[in-house]
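Contents: one structure, followed by commentary.
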Amino acid sequence: MNLFRLLQARASAGKPVRVALIGAGKFGSMFLAQVPHTPGLEVPIIVDIDRERAREACRTVGWSAERIAATVFTDDGAGAIAGGAMDVVVEATGNPAVGIRHARAAIAAGKHIVMVNVEADVLAGPLLAEEARKAGVVYSLAYGDQPALTAEMVDWARATGFRVVAAGKGTKYLPAYHDVTPDGVWQHYGLTAGEAQSAGMNPQMFNSFLDGTKSAIEMAAIANACGLDVPAEGLLFPPCGVDDLPHIMRPRSRGGVLERSGVVEVVSSLERDGRPVFRDLRWGVYVVLEAPNDYAADCFRQYGLKTDASGRFAAMYKPYHLIGLELNISILSAALRGEATGQAFGFRGDVAAVAKRNLRAGEMLDGEGGYTVWGKLVPAAASLKAGALPIGLAHRLKLKHDVAHGEIVRWSDVEFDANNETIRTRKAMEAAFAKAG
């Protein structure tokens, strides 16, 4: 509640918070739209593989010609991180390998890192966060994205003395979506391919939102940051509106759908027959909490909270998230308070690559939202025991064996270079955190 006051003090002292943005896509553009309206915050350097696209993004969000002219645009992420008096690096590329490399470079340079790149965080976040803590810098999930918003609600619940029963987000989901490929994605968004192309929308990226991969990645990030458990058989995606959260999102032993208390889960905005859920949470996040005593349960009723029939389970939720428009919270929290808006403290959740169809030896995997695999949330211990291939590494790897539709792809099923930097980082993370859980 003091970030704006602290930022005003920095601005008055002539010491603005300086940010290097890496990746000027949609998330990055939404952040850039707020920069001219946040005195005391500056973005003197923007990194993107297409520098002209980055300049155009700045023009699109309303930057003046003078501001654009005063900004350095480069495709050299390492150089941008190493040079300049930056306080915070924002990694918004979405590429796991690139994200890990940039995060480590920022940590080595003594700069705080805000990881919009949840894909990289789930692949190696526990290790990166630990490296940042040892270096005395902040490694943070990105506020505005659903993992950080959920982590905030979990922290609020625990800090006020409530037991967290479930936490997560909403999304549009049907079981058939797991097999959707980029060729068929736009019909589920109510768009034609031409409309999507004219809007600059990437079909594989948007398909990763639809086929369950992004939900799995975000829930793994929440589990690892909040110490919550992961459903043993993967996400259930139960249809559930906000008024029904306390009833549905409670343990089976109490009449709900959860295998136990203290788990992450995603609720669907669609009934299984395709009808819309009443008062859905498609764009929001939630936490279900349990009253620790009868007095607190009575207070739930007295102050109008929706509860289950017992009165002991209630929910808090945020109906929307504003992506990059809210990113300043993470940046300012890191730079002005030395605090993360969520970071991994353990390895509890992983995302395994699962075959979208019968795959044949010799085929090349194409990663999140593609034609070959989708990402399934699994407990980290189960993933390691099965030798599951993480979805973040299921890019341009050739299959050595056939993999049946719906089966997890394993390390033993693919050809890979054990000396690859990203693979080595992932293996180091597993070795460091697998036993700790």
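- Panel note: side chain Asn2, backbone Arg5; no donor-acceptor pair is recorded below 3.5 Å.
- Taking the six-membered ring for Trp and the full ring otherwise, His321 and Tyr143 have centroids separated by 6.0 Å or more.
- Asp211 contributes a side-chain N or O that, together with a main-chain N or O of Thr213, makes up a donor-acceptor pair within less than 3.5 Å.
- Using a 4.0 Å cut-off between charged nitrogen and carboxylate oxygen, Arg282 and Asp280 do not count as a salt-bridge pair.
- Remark: Lys318 fails to qualify as a cation-pi partner of Trp156 under the 6.0 Å distance and 45° angle criteria applied to the six-membered ring.
- In terms of modelled atom types and a separation under 3.5 Å, the side chain of Glu265 and the main chain of Gly168 share no donor-acceptor contact.
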Trace of the salt bridge (Lys or Arg N to Asp or Glu O under 4.0 Å) decision for Lys214 with Glu119 = CA-CA 8 Å; Lys214 191 71 169 182; Glu119 293 80 4; 2.8 Å; yes

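- Using a 4.0 Å cut-off between a side-chain N of Lys or Arg and a carboxylate O of Asp or Glu, Asp229 and Arg260 qualify as a salt bridge.
- Between atom OG of residue Ser268 and atom CG of residue Leu281 there is a gap of 11.0 Å, rounded to the nearest 0.5 Å.
- Aromatic pair Tyr177/Trp374: ring centres not closer than 6.0 Å.
- Salt-bridge formation is not detected for the pair Arg312/Glu290: no Lys NZ or Arg NE/NH1/NH2 atom is positioned less than 4.0 Å from an Asp or Glu carboxylate oxygen.
- Counting heavy-atom neighbours within 6.0 Å of Trp283 CH2, excluding the residue itself, gives a total of 12 or less.
- Heavy atoms of other residues, nucleotides or ligands lying less than 6.0 angstrom from NZ of Lys427 number more than 12.
- Between Phe162 and Phe300, the distance separating the two ring centers is shorter than 6.0 angstrom.
- Checking each of Leu322, Thr341, Ile329, Val285 against Leu149 for a side chain to side chain contact (heavy atoms under 4.5 Å, CB included) leaves exactly one that passes, namely Val285.
- Not one N or O on the side chain of Asp87 forms a donor-acceptor pair closer than 3.5 Å with the backbone of Lys111.
- Applying side chain to side chain contact (heavy atoms under 4.5 Å, CB included) to Ser215 and the options Leu377, Val264, Leu235 leaves one that passes, Leu235.
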Take Glu421 and Arg424, measure what salt bridge (Lys or Arg N to Asp or Glu O under 4.0 Å) needs, and give me the verdict at the end.
-> CA-CA 5 Å; Glu421 179 185 357; Arg424 286 181 16 230; over 6 Å; no

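- Side chain of Asn224 to main chain of Arg348: a donor-acceptor pair is present (N/O by atom type, distance under 3.5 Å, no hydrogens or angles).
- The environment of CZ in Phe416 is crowded: more than 12 heavy-atom neighbours from other residues, nucleotides or ligands sit within 6.0 Å.
- Without hydrogens or angle criteria, Asp155 side chain to Glu152 main chain gives no donor-acceptor distance under 3.5 Å.
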Determine, step by step, whether Asp350 and Ser383 satisfy the side chain to side chain donor-acceptor pair (under 3.5 Å) criterion, reporting the C-alpha distance in whole Å, the side-chain angles of both residues, the deciding distance to 0.1 Å, and the verdict.
-> CA-CA 7 Å; Asp350 199 13; Ser383 175; 2.7 Å; yes

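- Judged purely by distance below 3.5 Å, without hydrogens or angles, the side chains of His405 and Asp179 pair a donor atom with an acceptor atom.
- Within 6.0 Å of CD on Glu271 lie more than 12 heavy atoms contributed by other residues, nucleotides or ligands.
- With hydrogens and angles ignored, the 3.5 Å screen pairs a side-chain donor or acceptor of Arg252 with a backbone N or O of Val257.
- Remark: the backbone N or O of Val164 is not paired with any side-chain donor or acceptor of Arg158 at under 3.5 angstrom.
- The ring of Phe237 has its center closer than 6.0 angstrom to the ring center of Tyr173.
- Side-chain N/O atoms of Glu91 and Thr93 include a donor and acceptor closer than 3.5 Å.
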